[in-house]
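First the structure, in the form of structure tokens, and then the observations on it.
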Amino acid sequence: ETYRVARDEFEFQQAEAIAAKGKSEPVEVWQVVAAREGESVLPRDETALVGRQRELEELTSFFERIASERRAGAATIVGAPGLGKSRLLLEVARQLEQSHAVHWGRCLSYGEGITYWPVVEIFKSAAGIRQSDDQETVATRLGTFLEELETDDLDELRTIASALSNLTGISTTPRGTYATSEISQAELHWGIRRAL
């Protein structure tokens with residue numbers, strides 16, 4: 001009998017167990033059968049946050065300050081494994097979501113084409129782009145996102161559009177201005193920074 005379970009953004013189906021080298025018992029196998037649309041990459045954790053109020057206040061006030069000053073900033077949470085770094089970050093994000101748009105991007109541990117993976121996830125989230133969207137829908141959603149940026153400089157918008165089109169995998173900028181393969185790495189990085 002097979003059944004499906006959902007974990008984060010994927011659905012898995014149990015398959016027939018296999019005999020694996022070095023194992024005395026058959027090993028359970030689970031196959032990815034679908035991506036779950038609309039699922040957040042935000043980790044799910046129902047554990048109460050305990051003993052981190054000072055760090056929580058420090059991080060939320062830091063993010064509120066840089067948001068009010070409209071400048072970039074970075075915070076680093078460092079500690080031994082199991083100390084609660086991810087749980088603290090989750091709580092900071094939940095508090096900030098009450099007054100700000102919070103977008104997540106994760107680093108993958110292996111694979112091809114993952115250099116910009118977290119950046120792509122962030123921009124897709126901000127533009128409302130889903131895995132199942134076709135090229136035309138991606139271009140439309142990306143175009144709407146670009147129109148909401150606070151700049152009227154057409155050269156700047158073209159470079160940002162080309163950078164984000166390149167990252168999201170569409171072959172031309174949203175209005176078809178030019179092919180995204182024409183962008184240099186320096187322009188790509190500039191476009192990412194400016195969009196952020």
Side-chain angles (χ1 to χ4, degrees), residues 8-9 35-43 59-77 86 88-196:
D8 296 332
E9 69 274 15
R36 296 176 66 199
E37 289 296 344
E39 292 297 312
S40 171
V41 296
L42 191 68
L59 286 166
T60 53
S61 66
F62 168 74
F63 286 116
E64 292 292 349
R65 186 173 61 252
I66 64 171
S68 68
E69 295 171 1
R70 301 198 50 76
R71 64 180 180 88
T76 305
I77 302 172
S86 297
L88 176 61
L89 181 60
L90 178 61
E91 192 61 34
V92 169
R94 285 185 176 161
Q95 288 193 14
L96 291 174
E97 282 179 327
Q98 297 172 20
S99 56
H100 302 284
V102 175
H103 302 286
W104 290 77
R106 295 172 297 175
C107 295
L108 301 179
S109 56
Y110 63 90
E112 290 185 34
I114 63 170
T115 304
Y116 298 101
W117 192 272
V119 176
V120 172
E121 282 190 334
I122 290 167
F123 283 121
K124 282 184 172 181
S125 170
I129 296 170
R130 296 174 172 242
Q131 283 296 111
S132 60
D133 288 343
D134 59 24
Q135 294 284 307
E136 186 177 325
T137 305
V138 171
T140 300
R141 291 178 193 236
L142 188 57
T144 302
F145 172 76
L146 292 167
E147 288 169 6
E148 295 170 354
L149 294 179
E150 295 181 16
T151 182
D152 295 326
D153 184 322
L154 292 179
D155 287 333
E156 189 173 88
L157 279 171
R158 275 195 280 281
T159 303
I160 294 169
S162 185
L164 299 187
S165 297
N166 184 291
L167 289 174
T168 55
I170 56 177
S171 56
T172 62
T173 54
R175 294 194 177 132
T177 311
Y178 57 92
T180 60
S181 60
E182 297 172 9
I183 191 168
S184 70
Q185 187 178 36
E187 289 174 311
L188 175 68
H189 292 171
W190 184 90
I192 291 168
R193 285 192 309 272
R194 188 64 183 106
L196 290 171

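- Atom CG of L167 sits about 4.5 Å away from atom CD1 of I192, to the nearest 0.5 Å.
- Salt bridge annotation for D133-R130: absent, with no cationic side-chain nitrogen under 4.0 angstrom from a carboxylate oxygen.
- Here the closest heavy-atom approach between residue A75 and residue L59 is recorded as CB-CD2, 3.8 Å.
- Here OG1 of T137 is found 10.0 Å from CD1 of I129. Values are rounded to the nearest 0.5 Å.
- Between atom CG of residue L188 and atom CD1 of residue I160 there is a gap of 12.0 Å, rounded to the nearest 0.5 Å.
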(message) Evaluate E64 against L96 for side chain to side chain contact (heavy atoms under 4.5 Å, CB included), listing each step before the verdict.
(response) CA-CA 8 Å; E64 292 292 349; L96 291 174; 3.7 Å; yes
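- Atom NE2 of H100 and atom CD of Q95 lie 11.0 Å apart (nearest 0.5 Å).
- When all heavy atoms are compared, the tightest approach of R106 to E121 is N-OE1, 2.8 Å.
- The neighbour count for E69 CD, taken as heavy atoms of other residues, nucleotides or ligands under 6.0 Å away, is above 12.
- A search for salt bridge (Lys or Arg N to Asp or Glu O under 4.0 Å) contacts involving R193 returns nothing, not counting sequence neighbours.
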(request) Go through the steps to decide whether R194 and T151 satisfy the test side chain to side chain contact (heavy atoms under 4.5 Å, CB included), and finish with yes or no. (result) CA-CA 10 Å; R194 188 64 183 106; T151 182; 4.2 Å; yes
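- The shortest side-chain heavy-atom distance between K124 and Q131 falls under the 4.5 Å cut-off.
- Closest of all the heavy-atom pairs between R141 and G128 is NH1-O, 2.6 Å.
- Remark: side-chain polar atoms of S162 are not paired, donor with acceptor, to backbone N or O of R158 under 3.5 angstrom.
- Here the shortest heavy-atom pairing between C107 and P118 reads SG-CG, 3.6 Å.
- The environment of CZ in R71 is crowded: more than 12 heavy-atom neighbours from other residues, nucleotides or ligands sit within 6.0 Å.
- In this structure, A161 and L146 approach most closely via the heavy-atom pair CB-CD1, 3.5 Å.
- Counting only distance, with no hydrogens or angles, the side chain of E187 and the backbone of T159 share no donor-acceptor pair below 3.5 Å.
- Between atom OH of residue Y116 and atom CD1 of residue I122 there is a gap of 14.0 Å, rounded to the nearest 0.5 Å.
- Within a 6.0 Å sphere centred on CG of D134, other residues, nucleotides and ligands contribute more than 12 heavy atoms.
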(message) Checking L89 against W104 for the side chain to side chain contact (heavy atoms under 4.5 Å, CB included) test, could you report, in this order, the C-alpha distance in whole Å, the side-chain angles of both residues, the deciding distance, and whether it holds?
(response) CA-CA 11 Å; L89 181 60; W104 290 77; 4.0 Å; yes
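- Put simply, CH2 on W190 and CD on E156 are 4.0 Å apart, with the number rounded to the nearest 0.5 Å.
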